[in-house]
Protein chains: 2
Amino acid sequence: MVKGKIAIRKINCSKSRQVTFFKRRTGLMKKAKELSILCDAEIGVIIFSCTGKLYEYASSSMSSVIERYNKMKQDNQQQSITTEEIQVNAKDQVKTRMYSLN
Amino acid sequence: MVKGKIAIRKINCSKSRQVTFFKRRTGLMKKAKELSILCDAEIGVIIFSCTGKLYEYASSSMSSVIERYNKMKQDNQQQSITTEEIQVNAKDQVKTRMYSLN
DNA sequence: TACACTATTTATAATAG
DNA sequence: TCTATTATAAATAGTGT
């Protein structure tokens with residue numbers, strides 16, 4: 001992505017991986033916060049590092065996000081769910097996102 | 001941020017907000033996926049749009065992420081939790097992230 | 001070991017379709 | 001409602017301290 005783009009696959013060097021994890025985790029949290037503010041969305045992000053450490057962001061509170069998520073899932077059980085698969089890029093694994101229909 | 005940067009506050013125009021929501025949601029999901037691959041992290045992202053639509057990404061499965069989250073929270077109940085507050089930028093609201101200590 | 005720098009890639013605002 | 005284009009802002013990989 002910068003000064004020589006990197007391939008999206010696991011970074012083997014533990015040191016580099018930690019540095020990248022810090023930078024990108026910070027960036028992801030910032031983006032999540034911006035999106036929640038700009039678009040009035042309720043957002044929860046949960047990250048477990050490869051060492052098992054937990055990092056989280058919630059625009060409201062994580063428990064409220066999880067509750068709402070579970071409730072939505074229950075309500076949608078009798079409805080069909082559309083699963084759309086898109087490629088992040090041609091070589092990479094498939095990224096699956098699920099959209100509820102209501 | 002581009003062709004005239006925007007302030008991070010709720011976009012009032014519904015049409016613009018929707019377009020921005022689509023773009024940034026896509027970007028956030030991509031970043032989450034990249035981070036999970038690059039750094040071997042388990043990540044879950046839950047987004048409710050302002051119209052109540054649910055969008056989600058999980059590197060493994062959302063239920064496994066939520067389970068692990070709940071378990072971690074239980075285990076940490078007797079430990080102290082550090083709350084660190086950082087500014088996304090000087091004018092904006094405070095963004096709170098919580099780090100577990102173990 | 002965590003920041004600071006910066007060249008470069010990536011994300012995206014405005015716009016049109 | 002979503003996609004495409006493009007100019008520009010933001011993110012970040014590699015490096016230095």
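Order of the sequence lines sets the chain letters (A, B, ...), proteins ahead of strands, with each chain counted from 1.
- Side chain of A:Phe22, nearest nucleotide from C:dC3, C:dA14, C:dT10: C:dC3.
- Out of C:dA13, D:dA13, C:dT10, the shortest distance to the side chain of B:Lys31 is found at C:dT10.
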Quick one: do A:Phe22 and A:Tyr55 satisfy ring-ring contact (aromatic ring centres under 6.0 Å, His included)? Show the steps, please. CA-CA 11 Å; A:Phe22 175 83; A:Tyr55 301 86; 9.1 Å; no

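- Across the interface with DNA chain D, nearest-nucleotide mapping of B:Thr51 and A:Lys23 shows B:Thr51 to be the residue nearer the 5′ end.
- A distance-only check finds a donor-acceptor pair linking the side chain of B:Ser59 to the backbone of B:Ile43 [under 3.5 Å].
- For the pair A:Lys15 and C:dT1, the criterion of a side-chain N or O lying under 4.0 Å from OP1 or OP2 is not met.
- The interatomic distance linking A:Met29 (CE) with D:dT12 (C1') rounds to 17 Å, in whole Å.
- One atom, CZ of A:Arg24, and another, P of D:dA11, lie 12 Å apart when rounded to the nearest Å.
- In this view, B:Ser60 and B:Glu42, B:Ser64 satisfy the side-chain hydrogen bond (donor to acceptor under 3.5 Å, both in side chains) rule, not counting sequence neighbours.
- D:dG14 atom P lies 8 Å from atom CD1 of A:Ile11, rounded to whole Å.
- Between the base of D:dG14 and the side chain of A:Lys5 there is no donor-acceptor pair shorter than 3.5 Å.
- For A:Leu38 and C:dA14, the CG to P distance is 11 Å, given to the nearest whole Å.
- With respect to the salt-bridge test (charged N to carboxylate O, under 4.0 angstrom), the residues A:Lys73 and B:Glu56 qualify.
- A distance-only check finds no donor-acceptor pair linking the side chain of B:Thr20 to the backbone of B:Arg17 [under 3.5 Å].
- Whole-Å rounding puts the A:Leu35 CG to D:dA10 P distance at 16 Å.
- Here the C1' atom of nucleotide D:dA11 and the CD1 atom of A:Ile6 are 12 Å apart, to the nearest Å.
- The CZ atom of B:Arg25 sits 15 Å away from the C1' atom of C:dT12 (whole-angstrom rounding).
- Between A:Ser16 and B:Gln18, the residue anchored nearer the 5' end of DNA chain D, judged by the nucleotide with its closest heavy atom, is B:Gln18.
- Each of D:dA13, C:dT15, C:dT10 was ranked by its minimum atom distance to the side chain of A:Thr20; first place goes to D:dA13.
- Atom C1' of nucleotide C:dA11 and atom CZ of B:Phe21 are separated by 17 Å, given to the nearest angstrom.
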